[in-house]
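Here is the structure we will look at, set down as structure tokens.
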Amino acid sequence: MRFTHVLNPTDDSELSQIAALKGIRFAKEANAKITGISVTPKFRVLTFDTAMVEDTKDRFLADSQAQAEKVSGRSQTCRR
Amino acid sequence: MIEANDQPYEAIVHAAESRGCDLIMMASHGRRGVQGLLLGSETQKVLTHTKIPVLVYR
């Protein structure tokens with residue numbers, strides 16, 4: 001059985017980071033492409049102070065991006 | 001890639017199917033750790049919602 005494209009979901013847990021490294025090695029041996037995915041909760045904030053909210057969503061996305069990059073080295077942000 | 005979704009399994013399955021992935025490889029448990037369960041909840045949901053083979057790392 002031949003695999004051509006592996007999807008590797010990760011969160012910030014240690015086990016998923018180990019699984020990611022194993023996944024990369026597995027994909028290399030199988031000559032397959034590998035895509036990492038990190039799912040973050042949708043951004044929601046409750047505040048009466050609207051000035052506070054302006055930067056927060058961008059910072060949330062930036063922090064999520066940095067977290068995903070730590071595991072995969074390269075990431076691409078998608079928004080639905 | 002990063003997806004925003006309150007249901008991680010949904011984003012994972014959608015990404016795998018839309019990208020034509022033929023294997024999903026993921027940890028058995030995530031953040032909440034091994035709490036005497038065979039599989040973590042999101043891994044279970046991924047398994048339930050896709051026909052793509054899933055390789056579970058324990």
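To find a chain, count down the sequence lines: A is the first, B the second, and so on, and within it residues start at 1. Computed over heavy atoms, backbone and side chain alike; hydrogens, waters and symmetry mates excluded. Keep in mind that what you see is a predicted model, and the values were worked out from it rather than measured.
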In terms of heavy-atom pairs under 4.5 Å with chain A, which of B:Val54, B:Ile24, B:Val46, B:Val56 leads? B:Ile24
Could you grab the distance from atom [atom1] of [X] to atom [atom2] of [Y], nearest 0.5 Å is fine?
| X | Y | atom1 | atom2 | value |
| --- | --- | --- | --- | --- |
| A:Leu15 | B:Met26 | CG | CE | 10.0 Å |
| B:His29 | A:Ser16 | NE2 | OG | 12.5 Å |
| B:Ile52 | A:Leu7 | CD1 | CG | 8.0 Å |
| A:Thr35 | B:Arg19 | OG1 | CZ | 6.0 Å |

Quick check on B:Thr43 against chain A: is it the side chain, the backbone, both or neither that has a heavy atom closer than 4.5 Å? neither
Examine distances only and state if a side-chain atom of A:Asn8 and a backbone atom of B:Met25 form a donor-acceptor pair shorter than 3.5 Å. yes
Backbone of A:Thr4 reached by a side-chain donor or acceptor of B:Asp22 within 3.5 Å: yes
Taking side chain to side chain contact (heavy atoms under 4.5 Å, CB included) as the criterion, tell me which of A:Thr40, A:Leu61, A:Ile37, A:Val39 meets it with B:Ile2.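 It is A:Thr40, the one option of A:Thr40, A:Leu61, A:Ile37, A:Val39 that forms the side chain to side chain contact (heavy atoms under 4.5 Å, CB included) with B:Ile2.
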Specify which of A:Arg2, A:Met1, A:His5 makes the most heavy-atom pairs with chain B at under 4.5 Å. A:His5
Just give me the residue among A:Ala27, A:Ala30, A:Ala32, A:Pro9 that pairs up with chain B most often, heavy atom to heavy atom, under 4.5 Å. A:Pro9
Is the number of heavy atoms from other residues, nucleotides or ligands under 6.0 Å of B:Glu17 CD greater than 12? yes
Count the heavy atoms belonging to other residues, nucleotides or ligands that lie under 6.0 Å from NZ of B:Lys45, then report whether that count exceeds 12.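 Buried by this count: over 12 neighbours within 6.0 Å.
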Hey, quick one: are B:Leu55 and A:Phe3 part of the same hydrophobic cluster, counting side-chain heavy atoms closer than 4.5 Å, chains of contacts allowed? yes
